[in-house]
Novice: 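To start, I am sharing the structure in question, which I have written as structure tokens.
Because the structure is a prediction, the values reported are computed rather than measured.
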Protein chains: 2
Amino acid sequence: MNDFSAAQRSRVTMLDVAEHAGVSKASVSRFIGDDRALLSDAIARRIEQSIAELGYRPNQMARGLKRGRTRLIGMLVADIRNPYSIAVMHGVETACRRHGYSLVVCNTDRDDEQERQHLALLRSYNIEGLIVNTLGHHRDELDELKREMPLVLVDRKVDGLDGDMVGLNNPQAIEMALEHLQQRSYRDVLMVTEPYDGTSSRIERVGSFQKQISQREDMRGAVLETGSSLANDLQTFLNTSDSGPKALFCANGVAALACTLALREIGCQLFEDVGLIALDDLDWYPLVGSGITALAQPTEEIGERAFECLLKRLRGDDEVARTLDFAPVLIERGSTRRQAE
Amino acid sequence: MNDFSAAQRSRVTMLDVAEHAGVSKASVSRFIGDDRALLSDAIARRIEQSIAELGYRPNQMARGLKRGRTRLIGMLVADIRNPYSIAVMHGVETACRRHGYSLVVCNTDRDDEQERQHLALLRSYNIEGLIVNTLGHHRDELDELKREMPLVLVDRKVDGLDGDMVGLNNPQAIEMALEHLQQRSYRDVLMVTEPYDGTSSRIERVGSFQKQISQREDMRGAVLETGSSLANDLQTFLNTSDSGPKALFCANGVAALACTLALREIGCQLFEDVGLIALDDLDWYPLVGSGITALAQPTEEIGERAFECLLKRLRGDDEVARTLDFAPVLIERGSTRRQAE
DNA sequence: TTATTGTCTGAAACCGGTTTCAGGAAACAC
DNA sequence: GTGTTTCCTGAAACCGGTTTCAGACAATAA
């Protein structure tokens with residue numbers, strides 16, 4: 001019968017170090033913390049040696065208890081399998097590490113109840129700050145949390161919650177996409193998005209799209225949500241009598257995958273019959289047909305800046321809520337390489 | 001000037017609840033824990049109401065301190081941007097949640113020093129168990145850790161560390177791939193792998209490949225590592241005078257991406273000039289050419305079983321180290337749809 | 001009736017750290 | 001030589017919980 005709890009209990013503790021070095025716990029604590037300056041060289045050396053000899057490692061849980069600083073940052077992610085989320089998360093983690101923080105990631109799988117539970121969980125672990133990339137229902141809980149710790153929204157806005165926000169400049173992205181499509185002489189554009197689902201960035205993108213395309217005289221637009229009838233819907237779009245060359249505009253990477261699969265299903269000759277531009281730049285875009293034109297988001301940077309926002313707040317910054325909007329980068333590939341007229 | 005630390009300190013504590021309900025801390029603790037049976041109905045009701053009224057949430061850090069149970073599981077991932085790791089992680093997380101545990105993921109970015117730091121970190125947070133998907137250098141630290149808590153290796157073996165292991169049945173996977181290629185009458189197979197890098201599963205796969213292909217009389221094999229000269233190397237392979245139809249066998253998803261990009265670079269007509277089968281099944285495989293044939297790993301299940309292994313150990317199981325090998329599933333697509341002769 | 005058992009409860013010690021506070025020793029001023 | 005100041009140190013309280021232990025009380029047995 002193994003007994004890990006006994007093993008755990010046998011770990012070297014601060015008291016062990018103190019006794020071994022013949023000093024008090026307080027001195028050891030000072031050595032561990034930032035107060036080393038308070039100690040005489042002689043004592044510091046003794047402690048240092050004892051720590052090395054015993055292989056002592058301070059217990060962060062215990063530290064966090066009294067100190068209130070756990071050096072833990074929480075991140076709530078709606079869908080951990082979405083490449084965008086992964087990339088942002090990687091950025092956050094990098095920044096965390098650079099500043100001595102650790103990241104606890106909770107995946108809600110787009111489930112409201114799980115969001116609630118994870119929120120409670122993170123709170124109970126005394127995280128110091130929270131990065132949110134979910135729908136942010138449970139407004140009351142978020143509000144409460146926001147009083148306890150700084151909070152940054154990534155790629156989402158939550159109604160009535162005035163936290164910092166980091167994400168894409170959606171109007172600018174739409175503008176860039178439409179400009180590119182127009183230059184390439186596409187005239188009839190179908191924006192394909194995942195179901196809105198209350199996701200603010202999706203709503204924003206579609207809104208911007210509709211507004212901007214109506215302002216371009218020679219272009220026409222429509223919007224479609226992914227779903228079981230996607231292939232049919234695309235077929236219909238392609239069949240309607242022309243007002244000009246057609247293109248699809250996928251509002252994110254997941255939609256791009258769904259579209260490309262659907263186009264293949266209906267036997268559409270990609271990029272001859274229809275143009276395609278997609279938000280996000282996934283690693284397989286170059287591989288499909290002659291490549292999918294992308295508007296890449298600076299995901300790593302978004303993640304890093306999200307953490308830095310948090311850090312500023314933790315250090316006492318109390319400016320009004322900030323919004324950081326990043327510009328996408330156009331990466332042209334074969335899927336929009338129609339010649340300008 | 002905001003003051004989150006003050007806010008944090010103002011959280012409702014167990015003492016608040018106790019006073020509000022007119023009982024002792026001990027009783028509240030019993031209510032919170034599993035000892036509710038010890039309490040009289042009257043007291044339990046009073047506590048329950050006070051908790052609801054004050055919105056009390058127990059502090060997990062403090063609980064973990066005395067109890068030794070943090071309900072935290074750690075996971076060490078070599079590369080969080082590898083789809084395989086993500087999928088496994090998702091499985092682990094699902095299983096964790098089902099059993100009331102939470103997951104702390106640390107990404108080492110394939111860096112040994114980061115592995116060491118993260119290991120120390122996880123330990124200092126009193127995690128109860130560890131899932132390792134890294135190179136596992138720092139054998140000494142892992143050994144030490146293994147005495148304190150159960151440990152499961154995923155897709156890796158670490159020399160001399162006799163922990164539980166969960167992963168793919170590599171010989172069987174190779175066997176299935178070669179059998180399939182042979183049936184489709186490919187004769188000359190190049191296995192493409194990421195640099196070995198000490199990763200046991202890569203070494204195992206290559207080893208199995210070399211052994212098995214030498215046993216098939218009519219087939220010939222070679223091995224290639226991805227890298228800057230990949231395109232050239234593939235060109236060379238394709239140019240060598242034939243012993244028969246050629247195929248590539250990518251040892252994982254990352255290699256598959258690299259290969260497909262390289263083939264495109266050298267203008268190779270995928271799947272007419274050369275067959276392709278890849279381990280792992282990524283969501284874009286169907287989109288490339290006529291689709292890439294895959295050997296899918298049951299990643300979710302691998303993750304879940306890894307956690308369950310841990311759980312068994314935590315509950316006192318002390319059998320010898322176990323190895324769980326999963327079988328892959330063949331998903332045939334256009335890239336090997338050469339007619340049998 | 002008294003002795004015994006069992007059930008519920010709270011005081012206090014404890015987990016492993018941090019922090020306050022008071023005091024001793026050395027350094028400085030007068 | 002005394003009076004201050006400064007520097008370093010340890011005892012003890014504290015963080016927010018859990019757990020042990022002993023006592024109060026009711027219920028049962030003798």
Novice: Would you mind classifying the nucleic acid contact of B:L15 as base, sugar-phosphate or nothing, using non-hydrogen atoms under 4.0 angstrom?
Specialist: nothing
Novice: Confirm from the modelled atom types if B:R30 and C:dG10 form a donor-acceptor pair under 3.5 Å, side chain to base only.
Specialist: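 When only heavy-atom distances are counted, B:R30 does reach the base of C:dG10 through a donor-acceptor pair under 3.5 Å.
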Novice: Of all the nucleotides listed (C:dT18, D:dG17, C:dA12), which has the minimum atom distance to the side chain of B:A26?
Specialist: C:dA12
Novice: For A:Y56 and C:dG17, is the shortest distance between a side-chain N/O and OP1 or OP2 below 4.0 Å?
Specialist: yes
Novice: For B:M61 and C:dG17, what is the distance between atoms CE and P respectively, to the nearest whole Å?
Specialist: 14 Å
Novice: Check the distance between C:dG10's P and B:E19's CD and give it to me in whole angstrom.
Specialist: 13 Å
Novice: Compare side-chain N and O positions of B:T13 against OP1 and OP2 of D:dC15 and report whether any pair is under 4.0 Å apart.
Specialist: no
Novice: Within this structure, what is the CD1-to-P distance between B:I47 and D:dT18, rounded to whole angstrom?
Specialist: 12 Å
Novice: Picking from D:dC15, D:dG17, C:dC15, which would you name as closest to the side chain of B:L65?
Specialist: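 Among the listed nucleotides, the one closest to the side chain of B:L65 is C:dC15.
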Novice: Quick check on DNA chain D: between B:D35 and A:A42, whose nearest nucleotide comes earlier from the 5' end?
Specialist: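 Nearer the 5' end of the strand: A:A42.
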Novice: Are the side chain of B:S201 and the backbone N or O of B:D155 linked by a donor-acceptor pair below 3.5 Å?
Specialist: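 Checked: pair present.
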Novice: Looking only at the side chain of A:K25 (C-beta and beyond, no hydrogens), which of the listed nucleotides C:dT18, C:dC14, C:dT9 gets closest?
Specialist: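 Of C:dT18, C:dC14, C:dT9, C:dT18 is nearest to the side chain of A:K25.
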Novice: Does CG in B:D34 sit with more than 12 non-hydrogen atoms of other residues, nucleotides or ligands closer than 6.0 Å?
Specialist: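 No, not enclosed.
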Novice: Given atom CG of B:D34 and atom C1' of D:dG17, what is their separation to the nearest angstrom?
Specialist: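 After rounding, the reported distance stands at 15 Å.
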Novice: How many whole angstroms separate atom CD1 of B:I43 from atom P of D:dC25?
Specialist: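 Going from B:I43 (CD1) to D:dC25 (P), I get 14 Å.
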Novice: Please confirm whether the shortest side-chain N or O distance from A:S40 to OP1 or OP2 of D:dC7 is below 4.0 Å.
Specialist: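 No, because none of the side-chain N or O atoms of A:S40 sits under 4.0 Å from OP1 or OP2 of D:dC7.
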Novice: Check every atom of D:dT18, D:dA11, D:dG16 against the side chain of A:S24 and return the nucleotide holding the closest atom.
Specialist: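 That would be D:dA11.
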Novice: Can you find a side-chain donor-acceptor pair between A:R11 and B:N126 that sits under 3.5 Å?
Specialist: yes
Novice: Write down the distance between CE (A:M14) and C1' (C:dT19), rounded to a whole number of angstrom.
Specialist: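 Whole-Å distance recorded here is 12 Å.
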Novice: What is the separation between atom CZ on A:R69 and atom P on C:dG16, rounded to the nearest whole Å?
Specialist: 23 Å
Novice: Are A:Q117 and B:R97 linked by a side-chain donor-acceptor pair shorter than 3.5 Å?
Specialist: no
Novice: State which of C:dT18, D:dT9, D:dG17 makes the closest approach to the side chain of B:N59.
Specialist: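 Closest nucleotide among those given: D:dG17.
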Novice: Heavy atoms from C-beta onward define the side chain here; which of D:dC21, C:dT18, D:dT9 lies closest to that of A:K66?
Specialist: C:dT18
Novice: In whole angstrom, give the distance that lies between atom CZ of A:F31 and atom P of D:dT9.
Specialist: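 Taking atom P of D:dT9 as the reference, CZ of A:F31 is at 12 Å.
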Novice: Hey, does B:V23 reach any base, or is it just sugar-phosphate, or nothing, if we go heavy atoms under 4.0 Å?
Specialist: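 Contact class for B:V23: sugar-phosphate only.
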Novice: Taking atom CD as the centre, does A:E53 end up with more than 12 heavy-atom neighbours from other residues, nucleotides or ligands that are less than 6.0 angstrom away?
Specialist: yes
Novice: Could you tell me how the ring of B:H99 sits relative to the ring of B:F307: parallel (under 30°), tilted (30 to 60°) or perpendicular (over 60°)?
Specialist: tilted
Novice: Taking the minimum atom-to-atom distance to the side chain of A:S27, which one of C:dG16, D:dT9, C:dT9 wins?
Specialist: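 Of all the options, the side chain of A:S27 is nearest to D:dT9.
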